[in-house]
Every structure is written in structure tokens, then in C-alpha cells.
Amino acid sequence: MSQMASMEELLGRALAEHLPLSAEDLAGLLQTPPSPELGDYGLPCYALSKYLHKAPDRIAEELRAEVELPEGVCEARAEGAYLNFFVDRPAVTEHVIRTILAGGADYGSDQQGAGKTIVIDYGSPNIAKHLGIHHLPSAVIGQSLYRIYEKLGYRCVGINFLGDWGTSFGRLIAGVERYGIEHPERLSVADMQELYVRYSTEADGEPELQQAARDAFRRLEEGEQQAVRIWSACREVSLEEFDRVYGRLGVSFDEVRPESFYNERLRETVERLRRDGIVQESQGALIIPLYEDGLPPCMLQKSDGASLYAARDLPAAEHRWEQYHFEKALYVVGNEQSLHFRQLAAALKQMGHEWADRIKHVNFGLIKFRDPETGRARVGSTRRGEMLLLDEVLDEAVARARRKIEDNAERLEAEADLGELAAQVGVGAVVFRQLSTRRTRDVVFEWDRMLDFEGDTGPYVQYAHARLCSILRKAGQPMAADVDHSLLALPEEWVLVRHLERFPRAVLGAAQECEPSAIASYLLELCADFSTYYSAGMREPDRRVLCEDAATRAARLALVEAARHVIRSGLALLGMAAPDRM
RNA sequence: GCGCCCGUAGCUCAGUAGGACAGAGCGGCGGUUUCCUAAACCGCAGGUCGCAGGUUCGAGUCCUGCCGGGCGUACCA
């Protein structure tokens, strides 16, 4: 959808007539003054003085006199070293609101990704274990990036790369055999986890048991029937649980691809690497030396011949390339694996894959827990019982949301809405909390913080949306086809319009940085502006959306409708529901 | 030792390709509900932007060094 040139572009072109810079560069220099009284757009002239060899405030003054104001701009003022522009607010307001209402859910969309594919690897849990709170970041960041890139026109492929292969499954198999479990298919995930811990504990300091586990994994790799039977039973049970929990979070995938899928290819890959002289044997293990890249070697096989996860990532990456010829392949995986992904890219490069640099590790901070004794934060461990289940956290969030909703039950239309609404708000709080902070920061888990519904939270945004919906319901009239936008003259209304105008840029920024928190921050600010506007109408009936004057009311309703669209779209980009009432 | 991430108000965090006086939420104090949903709004208090240099007309933002925390660093993923 081609839109009219933005105000920045128009101003950039006008300024370029008088300056030795391109219209694009000048448009980029424009910023929004700290307060609306100063102007709507501002150009800092400091940087220009090195081209013009004049004092910045003189440049501002001279430009003010010279520049021919483009249509829609009504005044330019020199303010010290800044040249500030005042736009024709009704015209901009009309343009912004019309664009949003015409585009609907498409507002903020872009065609930059047309014809391009982005592969996103997220989720990626290990089977035979519950999904814990530490699985939250990858799942929701990945899902949000998926939606953000999709909005920009990319074809996205979400892949859940299941950890179903590796030495740890040797212990599980050995455990089933050792403890005489006859029907492994009847084990629950909890049973498997317990079995794993039991065996690991027992094997501690027992070389025979450790050896038995290694043997079991080797038997699995060799395709021995009993090992395969136990392992695949465990996988089935795990998959069911993953489906359910990811479903609660609103997370889904296009492909659920187990690591074991690459078992065959792995052999071929290793053979090929041997032929090409890329791998070396070292201390009985198989490695790809990466000294030239300043990295430790990438280890493919242990000295007992069992494969390592790095070995599985190579054929998986090649396979993804063959399937999709991706523009980018994102791996939404924690900080702690940053070395692994640098090795992966370097190894692929050595294998001659030019596309290796299209791989991007979208890292995120760890979820940590406060040690009750030392007071210090550190990564949780299953052994210390610090494994918090994703299910538990969501259950608690939904329960709290439910209580809150019951306090305001009169707002609901039907009893039946309660369960679903509680889920939308409770889960929304958890998802938003994760996505509201820049992804690389570590976070210390705290119940009250994770489940907060007030202040800078998901429910705050959802609440603003519900209020907007409520106004529209109460209006009880269809959206007027033609409204007089000049009636939106309140300062708070102008602030809102400027904010709505920024949404497309927020989406582009979030995509560029792979940073969903940019959307979350945007929404919080937008909703704060709306809440201020809304509350101003509490005291003064004239300032309400549903005011006396019919024409003003119609114009304000259009603004409300536009804001509702944007909040709804923003929440969708975060993978959150936008309930109509709460 | 080396690598990656982080270090902004008591706490949790924003700070847009270096630019107009460092912002928000929580917590604290004080207000707001005959009024479009108070999961809200308004006001007050609170900051040597880890430290020291450097680049620049200008640095929370860029460079170097150091300090503090986290996570990695060949047979886990």
C-alpha cells in the first residue's frame, strides 16, 4: 500500500534545496521537540555548521527565512540552534486517522519483505522434561518476531527444533531398563523427569551406570530396537504436553522438527566433511578447527563416536537453506549459547556456504532466581527444586486475573466469558512482562512482578483497549463517513495523533533490532497518552469523547477507533489478545 | 586467562543513526469516583547515567583502560 509522503520526507526535500545534504539524510535528522509548544518537528543545526562554517543558531535563523514550507507545514521558527516546524494539525490529523481507518489491521504493514523468507528457530525444548519458566523467553520472543516480520511482508517459517537426541536420553533409556519399567509409553513427563533424576543421582560416582547410559545412547544411534522403542514412547508423551502448553501461550510452529530427523544426514555430513578435509580427529574426538576465526574448535563427535549437538545443527542449517533459501535464519536461543552460534556460522563458512552470515543468533538474557541464603541471583537448577513450571506460572496468573475480573463482574456480558477472559489477561500479563524488557537483559524471577496487573503491564494495555471498545459501544452509532478533523483541537488529541503516526516506524525498528520490546514500549506510551486524555474527560464533560456536540463526537470517535486499531495490532504483534471488555 | 551479555532514581527498567533541561512504572507522601470501566488519572519527593581517561561545539549514547555481576570457554544442550 503506497502511502502519501510522510511529513519528514516533505520537510527533507524542502530543506535539501538549501543545504548540501540529501533529502533522505535531512529527513533522518529531524526529530520531535521535547514539548509540543516548541513545534512538531525540529532540525538540530549543530551538525550543519561543519558544512556551512557558520554558527548553528545563525544557520537555523537563515534557514527559517529561506526555506519554502511544504504543504501541510504552516510555520517555521528558529529556536536557538534548532529550526522547528509547526504543521497544519488538522491536515496531519486527518491524514493519520484516514490512513489507519482505511488500512485497518494493515496499518503498519510494509512490503520490505515481499518475496523473502525468514526462518525462525524458537521454542526448542528437550523432550522428557516439562516446559519450565526458562522456556518462556525463546517461545514468546520467537513468536513475536514471527508476527512482526510477517507484518513487514516476509514469509516466516517457525521451527521448533526438538532436543530429542543426545547423551541424556541414554540415561533415560538406561533408567527404564534398570528399574524394570515395562510400559514406557505410560510414563508421564513428570515420571520421566523423576526417572532421569533418579538415575543421574544413582550414577553419580558409579562408572558402570554412567557407561550403561553412554552405551544406551550409542545403541539408540545405531537404531537398536528396544532403545528406539523406549525413546520414541517418551517423545510422543512429551509432544502432547508441548502442544498444550505452547497453545496456552499462543505460540505455534510451522515445523516441529526433531533433532533425530538429521540422524541420517549427520552421517553423510560427517563423511563429506572428512572427504573435504574439514574435520580432524583430535584426542579421539571429531572436530572442525576454527583457530583462524579465533574460536575454539567445533566438536562434532565424542571419542566414543556419539554425536554432539553441534553436529546436528550443521545438517539442520543446510536443510533449512535447501528448503527455504532464507533471507535470514534467526535462532532465538539464550545468551549462554553465543559461542556455539559463532562456531556454527564459522563452521558453515568453512564448508563453503556463503549464506552462513545470514544466520543470526537472537540472544536473550537468562531467567534467574534469588538464592534465599546469599541473596544473589543465579540460574535455577532442577536439582535444587528451582524448576518452575510454565504451567504453574500461567495457572497462577490466570487465577489472579479471574479474581480481579470477578470483582468487576458487572462489566461482563455473559458468565461464559470469564474463563477465556481470565486466560487472555493472565497469560497476557506473563507474555508482556517477558517482552517488555530488552531481550538481552537477565531477569530475576519474582512472582509479584511477573503477575502484576498494574502500571507498565500487559493488562494495562489491554485495559486501555477495553475502555476504547467501551466508548465505541456506548456511542451506539456507526462510524461517520465524513468527519471534521479540525475539531480534534485538544492538546491531548494532538499528542495521540502524533503517537499513532509513529506506529509503522515502531514496527520497522522492532524488526531491525529483533526486539519485540520496542513494540511493548510503544504501546505503553500510547496507552498512557490515551489514559491521560480519557481521564481529562472525567471532570469536564466537554472533553469526553461522547460529548454534547455531535460533530466533535464523531471526530473523537474516529480517533478512538484509530487508536483501538493500533493497540489491537500492537498486541497481536506481541502474541496477545485484545479483549473488548475486562 | 579469554569471549559474550549486563551495570541509568530505594526497586524494575526506557532512553530512538551523539543533540534542546536524563524519562516511566513500582514503592513512599498527598490528591481524584453523583462523571465515556479507579486494572485508571493528577501532584510531590527521589539521579556524581559503575569509575577514569579520550574523540566532539556537544557523550547515558562512540573509543580505550579499569571495577562489579551473570553466562560460556573439547567429549551437556
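Chain identifiers are assigned alphabetically (A, B, ...) following the order of the sequence lines, protein sequences preceding nucleic acid strands; residue numbering begins at 1 within each chain.
In this structure, A:K129 does not reach the B:A77 phosphate: none of its side-chain N or O atoms is under 4.0 Å from OP1 or OP2. Under 4.0 angstrom from either OP1 or OP2 of B:A77 there lies no side-chain N or O belonging to A:Y309.
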Go through it in stages, so that I can follow the logic: the residues are A:R400 and A:D452, the test is salt bridge (charged side-chain N to carboxylate O under 4.0 Å, His left out), and I'd like the CA-CA distance, side-chain angles, deciding distance and then a yes or no. CA-CA 9 Å; A:R400 288 197 197 188; A:D452 196 4; over 6 Å; no
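Other residues, nucleotides and ligands place more than 12 heavy atoms under 6.0 Å from the CD atom of A:Q112. Within a 6.0 Å radius of CZ in A:R505, no more than 12 heavy atoms belonging to other residues, nucleotides or ligands are found.
Across B:A74 and B:A14, the matching C1' atoms stand 41 Å from one another, rounded to whole Å. Between B:G50 and B:A9, the two C1' atoms lie 15 Å apart (nearest whole Å). Remark: the separation of the P atoms in B:U16 and B:C62 is 9 Å, to the nearest Å.
When each of B:A39, B:A38, B:C41 is scored by its nearest atom to the side-chain atoms of A:Y534, the top-ranked nucleotide is B:A38. The side chain of A:V545 lies closest to B:C36, out of B:C36, B:C41, B:C21. Residue A:F453 places its side chain closer to B:A39 than to any other of B:A77, B:U73, B:A39.
Here A:P44 lies out of heavy-atom contact (under 4.0 Å) with every strand.
Toward the 5′ end of RNA chain B lies the nearest nucleotide of A:Q31, the other residue of the pair A:Q31 and A:M299 mapping further downstream.
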List the protein contact pattern of nucleotides 2-10 of chain B with one symbol per nucleotide (5' to 3'): B for base contact, S for sugar-phosphate-only contact, - for none; contact means a heavy-atom distance under 4.0 Å. -SSSSS---
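When both pairing distances are held under 3.5 Å, B:C44 makes a Watson-Crick or G-U pair with B:G28. With both pairing distances under 3.5 Å, B:G23 is matched to B:C13 as a Watson-Crick or G-U wobble pair. With a cut-off of 3.5 Å on both pairing distances, the Watson-Crick or G-U wobble partner of B:G3 is B:C71.
A donor and an acceptor atom never sit less than 3.5 Å apart when one is taken from the side chain of A:T437 and the other from the base of B:A14.
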